[in-house]
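Written out below as structure tokens is the structure these notes cover.
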Amino acid sequence: MQNKSTINLDFTINSGQTFLWEKIGDAWFGVNGGELLVIAEPFRIVSSSKNARYFFRHGDNMSKILSSINKDTLVRTAVEQFPGLRLMRQDPFQCYISFICSSNSSIRNIKNMLTRLCRKFGNKVEFENHQFSTFPSAGTLANATIKDLLSCGLGFRAKYVREAAKAVNSGKIEFEALRKTDYRTAQDMLKTVQGIGNKIADCILLFSLDKLESFPIDRWTQRILQKYYPEIFDITHGKSLTEKKYTHLHEKIVEYFGPYAGYSQQFLFKMERDLNKKKWL
DNA sequence: TCATCACCTGGAGA
DNA sequence: ATCTCCAGGTGAT
């Protein structure tokens with residue numbers, strides 16, 4: 001059993017929370033906002049970025065968190081199966097745009113869209129002869145034409161992305177204020193943006209704004225809950241959740257999994273996707 | 001308040 | 001090759 005504080009990069013990156021990472025040799029290269037993170041496995045920060053520790057939530061007390069979410073054998077199995085799987089603390093703007101793009105799409109497609117956005121609107125950076133492009137700023141995307149956004153393959157999401165960028169650029173959405181406020185208030189604020197519903201708001205809150213009680217409920221999560229917890233959570237089969245049901249279900253989830261429910265979600269999600277041999281990055 | 005349905009696009013599977 | 005189906009949802013009706 002390895003140290004609980006050791007981060008497993010492969011598990012962490014390939015758990016659906018982030019999209020712009022690429023493995024070259026034994027190193028992972030990841031775009032996070034305006035910077036490039038380079039991390040080798042076993043976990044070692046290669047680039048000089050001071051933000052890498054922050055990004056990987058180095059301060060999280062994992063023994064406390066893992067013991068908190070250890071509610072049943074299923075969670076216990078998932079935690080044992082994926083030691084070192086962690087949540088990330090991503091650049092909020094990138095996370096926000098990424099999950100707006102995730103709507104009704106697949107991981108492969110989302111990654112393609114975001115990569116094209118970076119290439120078209122971001123800054124070029126080079127590391128050991130490898131070329132990358134950073135994530136565009138809110139100002140840049142707010143001023144992009146719909147035509148240019150469509151050329152990145154965004155489809156119906158193009159107008160959402162531009163309006164979302166405008167909301168940030170104008171100060172209507174302030175991530176650091178959302179980070180400080182409570183879960184529900186932050187979620188309501190995010191949902192005022194077109195293209196952001198409960199699920200996407202929860203992803204942004206969990207993966208970039210420190211709301212660890214957030215538990216994004218999507219097709220997979222629903223499948224997990226009805227497959228393994230039919231007695232505890234009442235999931236209406238196959239149908240999309242209404243506003244009221246989503247909120248009610250989330251309350252039940254936090255009641256059961258506790259204040260770090262988001263971490264339990266990450267382990268269960270990873271486990272079930274791997275079980276179904278779903279591809280990651 | 002709830003149920004249906006359309007939606008851009010490009011992989012994956014038939 | 002060519003086609004169909006659908007993917008980590010959301011908004012409009």
Side-chain angles (χ1 to χ4, degrees), chain A residues 11-21 78 85 87-88 90 94-117 119-120 144-164 167 187-208 214-228 234-250 253 261-281:
Chain A
F11 290 163
T12 299
I13 290 167
N14 287 315
S15 64
Q17 50 183 321
T18 186
F19 304 98
L20 293 175
W21 285 77
L85 169 59
L87 285 172
M88 296 166 169
Q90 302 177 44
Q94 178 174 332
C95 190
Y96 168 83
I97 297 298
S98 296
F99 282 94
I100 288 173
C101 289
S102 77
S103 176
N104 197 30
S105 191
S106 60
I107 288 180
R108 184 59 161 276
N109 262 343
I110 300 162
K111 178 175 183 171
N112 287 343
M113 290 181 225
L114 297 175
T115 300
R116 288 186 288 244
L117 271 184
R119 281 210 234 284
K120 191 167 189 71
T145 63
I146 292 294
K147 188 182 167 199
D148 281 346
L149 292 171
L150 286 172
S151 76
C152 296
L154 299 197
F156 66 86
R157 306 163 195 82
K159 57 182 183 292
Y160 296 152
V161 164
R162 191 168 72 163
E163 291 309 306
Q187 192 196 41
D188 286 343
M189 193 64 218
L190 286 172
K191 281 161 61 183
T192 63
V193 177
Q194 289 277 298
I196 300 182
N198 285 304
K199 187 270 173 182
I200 289 176
D202 276 341
C203 288
I204 299 164
L205 292 170
L206 180 60
F207 302 138
S208 72
S214 173
F215 189 111
I217 306 167
D218 56 26
R219 289 178 144 95
W220 285 93
T221 319
Q222 284 187 64
R223 199 172 306 176
I224 289 165
L225 295 179
Q226 75 186 18
K227 179 174 172 185
Y228 301 106
D234 183 31
I235 308 289
T236 50
H237 191 79
K239 294 185 175 175
S240 67
L241 292 168
T242 63
E243 174 74 23
K244 202 172 176 180
K245 281 183 177 171
Y246 191 104
T247 305
H248 177 70
L249 183 54
H250 179 257
I253 285 168
Y263 259 103
S264 63
Q265 179 269 168
Q266 204 60 23
F267 281 100
L268 295 176
F269 185 79
K270 169 70 172 165
M271 182 175 68
E272 194 65 8
R273 293 269 310 194
D274 276 16
L275 187 63
N276 285 275
K277 303 188 190 324
K278 286 293 174 184
K279 297 236 191 302
W280 300 103
L281 297 184

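These numbers come from the heavy atoms of this one structure, side chains and all, not from hydrogens, waters or symmetry mates. Lettering of chains follows the sequences in order, A, B, ..., and the numbering in each one begins at 1.
- Residues A:Trp280 and A:Asp274 have side chains that bring a donor and an acceptor to within less than 3.5 angstrom of each other.
- Aromatic rings from A:Phe19 and A:Phe99 are positioned such that their centres are separated by under 6.0 Å.
- Checking B:dG10, C:dG8, B:dA3 against the side-chain heavy atoms of A:Arg116 singles out B:dG10 as nearest.
- Counting only heavy atoms from C-beta outward, the side chains of A:Gln194 and A:Lys159 never approach each other to under 4.5 Å.
- A straight line from NZ of A:Lys159 to C1' of C:dA12 spans 11 Å, rounded to a whole angstrom.
- Between the C1' atom of B:dT4 and the CG atom of A:Leu241 lies a distance of 15 Å, rounded to the nearest Å.
- Using a 4.0 Å heavy-atom criterion, one finds that A:Lys278 contacts no nucleic acid atom at all.
- Between the P atoms of C:dT13 and B:dC8, the separation comes to 14 Å (whole Å).
- Remark: the separation of the C1' atoms in B:dA6 and C:dA7 is 15 Å, to the nearest Å.
- Across all strands, A:Gln265 comes closer than 4.0 Å to no nucleic acid atom at all (heavy-atom distances).
- Of the candidates C:dG8, C:dG9, B:dC2, C:dG9 carries the atom nearest the A:Ile200 side chain, counting heavy atoms from C-beta on.
- Atom CG in A:Asn198 sits about 13 Å away from atom C1' in C:dG11, given to the nearest Å.
- In this structure, A:Trp220 atom CH2 and C:dA7 atom P are separated by 9 Å, rounded to whole Å.
- The residue among A:Lys245 and A:Met113 whose nearest nucleotide of DNA chain B lies closer to the 5′ end is A:Lys245.
- For the pair A:Leu225 CG and C:dG8 C1', the interatomic distance rounds to 14 Å; values are reported in whole Å.
- Comparing C:dG8, B:dA3, C:dA12 by their closest approach to the side chain of A:Phe269 singles out C:dG8.
- Shown here is A:Arg223, whose CZ atom has more than 12 heavy atoms of other residues, nucleotides or ligands within 6.0 Å.
- A heavy-atom distance below 4.0 Å to DNA chain B is reached by these residues of residues 97-112 of chain A, ordered by number: A:Asn104, A:Arg108, A:Asn109, A:Asn112.
- The distance between atom NZ of A:Lys191 and atom C1' of C:dG11, rounded to the nearest whole Å, is 13 Å.
- A donor-acceptor pair under 3.5 Å is formed between the side chain of A:Asp218 and the backbone N or O of A:Trp220.
- Within 3.5 Å, no donor on the side chain of A:Lys199 pairs with an acceptor on the base of C:dG9, nor the reverse.
- Taking the P atom of each, C:dG8 and B:dC5 are spaced 22 Å apart, rounded to whole Å.
- Mapping A:Arg223 and A:Tyr160 onto DNA chain C via the closest heavy atom, the residue that lands nearer the 5' end is A:Arg223.
- Within the 3.5 Å criterion, the main-chain N or O of A:Thr18 finds no donor-acceptor partner in the side chain of A:Gln94.
- Not a single donor-acceptor pair under 3.5 Å links the side chain of A:Glu163 to the backbone N or O of A:Val193.
- The main-chain N or O of A:Ser102 is never found under 3.5 Å from a side-chain atom of A:Ser105 such that the two would form a donor-acceptor pair.
- Panel note: side chain A:Gln266, backbone A:Leu85; no donor-acceptor pair is recorded below 3.5 Å.
- The backbone N or O of A:Asn14 sits less than 3.5 Å from a side-chain atom of A:Lys270, completing a donor-acceptor pair.
- With A:Arg157 contributing its side chain and A:Ile100 its backbone, the two residues share no donor-acceptor pair below 3.5 Å.
- At C:dG9, one or more side-chain N or O atoms of A:Arg219 fall inside 4.0 Å of OP1 or OP2 (strictly under the cut-off).
- Scanning DNA chain C for stems, defined as runs of 3 or more consecutive Watson-Crick or G-U wobble pairs whose donor-acceptor distances all fall under 3.5 Å, gives the following ranges: B:3-7 with C:9-13, B:9-14 with C:2-7.
- The interatomic distance linking A:Asn276 (CG) with B:dG13 (P) rounds to 13 Å, in whole Å.
- Using a 4.0 Å cutoff on non-hydrogen atoms, the parts of residues 145-156 of chain A near DNA chain C are A:Phe156, ordered by number.
- In this structure, the CZ atom of A:Arg157 is 13 Å from the P atom of C:dG11, given to the nearest Å.
- Note on A:Gln194: only backbone sugar-phosphate atoms sit closer than 4.0 angstrom, heavy atoms only; bases stay farther off.
- The closest donor-acceptor contact from the side chain of A:Thr221 to the backbone of A:Pro216 lies under 3.5 Å.
- Formation of a donor-acceptor pair under 3.5 Å by the A:Lys111 side chain with backbone atoms of A:Trp21 is found in this model.
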